[in-house]
Amino acid sequence: MRVVLAEDLYLLRDGLSRMLTAHGFDVVAAVETGPELLEALLGMRPDVAVVDVRLPPTQTDEGLQAALAARREVPGMPVLVLSQHVEQLYARELLADGTGGVGYLLKDRVFNAEQFIDAVRRVAGGGMAMDPDVIAKLLARSSRDAPMTRLTPREREVLELMAEGRSNSAIGQRLFLSESAVGKHTASIFGKLDLTQSDDDNRRVLAVLAYLNGM
């Protein structure tokens, strides 16, 4: 699986590159600036991009903007962004087009190789991988938003895990529910958030996007 990696800190970039390689990924480019990232993404069309939000030259959101620009040219290109902090806007921008795999992890998470590699694989496979800390912060905020108050406590737990990118099977294991029970909760969530019948994966993204937006 071909990966483009963008991280401006040499030691972290080198460490991530070695970790990805050790787990069978082919790191086709490891860059340190926003312009380099955009060029690598459009030129190499990787299976997944792992991108630090803040990159030179501005050290603001160069990495995120380069990834979003690449996804406009290559719709659905899987992108996992890494950030030092929880930024709701970043997560919402990533999910906005509702296509392809996306993920948002806090940088602390990369020091757990199992969690990090699992997130990269899920995003590369077209799924989601949202950091639990991001979800927890958004959950606290969204508890004040009207549509979210329609959900039962169990449905909020299911939506929280859905936002992390977990499958119904994985959610069931975490919450000690059958997969069919999770499916019923998922259907109820879609109904309460007024997400009409369509492709199921898209509705999962839309539900999470609604969650991030607080509707």
Side-chain angles (χ1 to χ4, degrees), residues 1-97 100-138 163-165 212:
M1 193 176 294
R2 301 167 70 251
V3 182
V4 164
L5 170 65
E7 166 58 52
D8 60 317
L9 297 176
Y10 172 75
L11 288 178
L12 184 54
R13 185 171 68 250
D14 186 58
L16 290 174
S17 181
R18 290 171 183 271
M19 185 189 304
L20 288 164
T21 301
H23 285 81
F25 294 91
D26 180 14
V27 181
V28 295
V31 302
E32 58 182 307
T33 71
E36 288 175 334
L37 172 60
L38 182 56
E39 182 179 354
L41 293 177
L42 295 182
M44 298 183 174
R45 308 291 179 101
D47 297 308
V48 60
V50 178
V51 176
D52 184 7
V53 167
R54 296 177 186 269
L55 291 176
T58 67
Q59 291 287 5
T60 54
D61 61 353
E62 293 273 59
L64 177 69
Q65 294 306 325
L68 293 174
R71 281 170 62 89
R72 286 193 288 273
E73 294 292 325
V74 187
M77 177 184 286
V79 174
L80 172 64
V81 300
L82 305 176
S83 177
Q84 292 280 13
H85 309 289
V86 176
E87 295 282 357
Q88 181 185 346
L89 178 61
Y90 295 163
R92 188 170 60 232
E93 285 192 64
L94 267 178
L95 290 166
D97 62 14
V102 290
Y104 183 115
L105 287 187
L106 297 181
K107 278 192 171 179
D108 289 348
R109 215 60 72 176
V110 306
F111 297 109
N112 183 318
E114 182 179 354
Q115 288 185 3
F116 174 64
I117 294 299
D118 177 62
V120 176
R121 293 192 191 282
R122 273 189 280 140
V123 171
M128 286 182 294
M130 304 299 289
D131 193 289
D133 287 350
V134 175
I135 299 306
K137 183 171 182 177
L138 298 173
E164 290 182 22
L212 297 177

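Numbers for residues simply follow the sequence, beginning at 1.
- Put simply, the side chain of Asn112 gets close to the backbone of Gln115: a donor and an acceptor are under 3.5 Å apart.
- Shortest non-hydrogen contact noted between Leu41 and Ala67 is CD1-CA, 4.1 Å.
- Closest heavy-atom contact between Val123 and Pro78: O-CB, 3.4 Å.
- The minimum heavy-atom distance linking Tyr104 with His85 is given by the pair OH-O, 2.7 Å.
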Assess whether side-chain contact (heavy atoms from CB on, under 4.5 Å) is satisfied between Val110 and Leu12, documenting all intermediate values. CA-CA 10 Å; Val110 306; Leu12 184 54; 4.3 Å; yes
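- A pairwise comparison of heavy atoms in Thr60 and Arg54 identifies O-CG, 2.7 Å as the closest pair.
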Take Leu16 and Phe116, measure what side-chain contact (heavy atoms from CB on, under 4.5 Å) needs, and give me the verdict at the end. CA-CA 10 Å; Leu16 290 174; Phe116 174 64; 3.9 Å; yes
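- One distance of note links CG of Leu80 with CE of Met130; it measures 10.0 Å at 0.5 Å rounding.
- Annotation: Glu39, atom CD; neighbour count of heavy atoms from other residues, nucleotides and ligands within 6.0 Å does not exceed 12.
- Here the side chains of Arg71 and Val102 are in contact, with some heavy-atom distance below 4.5 Å.
- For the residue pair Ala6 and Leu37, the shortest heavy atom distance occurs at CB-CD1, 3.7 Å.
- Separation of atoms CD (Glu73) and CG (Leu68) is listed at 12.5 Å; rounding is to 0.5 Å.
- A salt bridge does not link Asp52 to Arg13: none of the charged nitrogens lies less than 4.0 Å from a carboxylate oxygen.
- Between atom CD of residue Glu62 and atom CD of residue Glu36 there is a gap of 11.5 Å, rounded to the nearest 0.5 Å.
- Arg2 places no side-chain N or O within donor-acceptor distance of the main-chain N or O of Asp26, the cut-off being under 3.5 Å.
- With rounding to the nearest 0.5 Å, the separation of OG1 in Thr58 from CD in Gln65 is 9.0 Å.
- The distance from the CG atom of Leu106 to the CG atom of Leu82 is 9.5 Å, given to the nearest 0.5 Å.
- Interatomic distance, Asp47 CG to Phe25 CZ, rounded to the nearest 0.5 Å: 9.5 Å.
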Tell me, with the steps shown, if Val4 and Val28 meet side-chain contact (heavy atoms from CB on, under 4.5 Å). CA-CA 6 Å; Val4 164; Val28 295; 3.8 Å; yes
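- Minimum interatomic distance between Gly63 and Leu55 (heavy atoms only, all atoms of both residues): CA-CD1, 3.5 Å.
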